[in-house]
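Computed from a prediction, not measured in an experiment: that's the story for all the values here. Just so you know, ligand 1 is whichever comes first in the structure, and atom 1 is the first atom listed for that ligand.
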Amino acid sequence: MRRKRVAVIISGRGSNLRALIGASEKPNYPATIALIISNRPGAEGLEHGIASNIPTLVIDHERFRDAPNPKAAFEEQLNDILHANEIELVCLAGFMRLLSDDFVNSWAGRILNIHPSLLPAFRGLHVQRRTLESGVKIAGCTVHIVSSEMDAGPIIGQAALCVQPDDTIESLTERILRLEHTLYPACLAAIASGSAKLIDGAKVALECASVPISTIATPSS
Ligand code: GRF
């Protein structure tokens, strides 16, 4: 089996990156983490790459501040590096910048993202605060293909849990993060192996025979 070459792009802590690295170290995992990129020089998550001997690099978006089009200049460098490293799939993992339509279109169907809500609910920022304020009783996380609209691309998988009456932003964030660490590697594996396929750019179809990747946690999780 040839493993798909994956780049993970982060801005911060990198706990999902760590989970993806861990999964990719298993013998039959269909993807290898070939490159880690951070747009923030001090990102804590870079340490996970260094510890695992995976090439890591920083493309500091601030360096392009004076370019005529800073976003385009940042993305041009990103694109060049991804191609130079023969990257086939890109996983955004806590990457805190919006990618342009041009970039997303040139990587159509090949960029994945994880979001800490059951999309299409609670797109954007401050997800757990908004989740608790809304009073919803079920929360979770979603891995999706990135489209030009923020947090809106075709869904690959979701993991859900019950919101507890005494949940705080911190406790809910923590419990959802634990689900993320299983969901993201499962979704990447499904896409990399071809058991999940993007149909007409609009919806992800899962092979019936594949292991289900969406989960509902037990009430105690
Ligand atoms: C996660 O909650 C993820 O869903 C969101 O950003 C957070 C990143 O956490 N997109 P980490 O850097 O992977 O620990």
query = Got the residues with a heavy atom under 4.0 Å of ligand 1, by chain and number?
reply =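 Close residues (ligand 1, cut-off 4.0 Å): Arg13, Gly14, Ser15, Asn16, Gly94, Ile114, His115, Pro116, Leu177, Glu180.
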hydrophobic_cluster_shared for [Y] and [X], side chain cutoff 4.5 Å:
X	Y	answer
Val146	Trp107	yes
Leu112	Leu183	yes
Ile87	Ile81	yes
Leu161	Leu177	no

message = Could you walk me through whether Glu75 and Ser100 satisfy the side chain to side chain donor-acceptor pair (under 3.5 Å) test, starting with their C-alpha distance in whole Å, then the side-chain angles of each, then the deciding distance to 0.1 Å, before giving a yes or no?
response = CA-CA 8 Å; Glu75 290 181 350; Ser100 70; 2.5 Å; yes
message = Can you tell me how the ring of His61 sits relative to the ring of Phe74, calling it parallel under 30°, perpendicular over 60° and tilted otherwise?
response =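 Perpendicular: the ring planes of His61 and Phe74 meet at over 60°.
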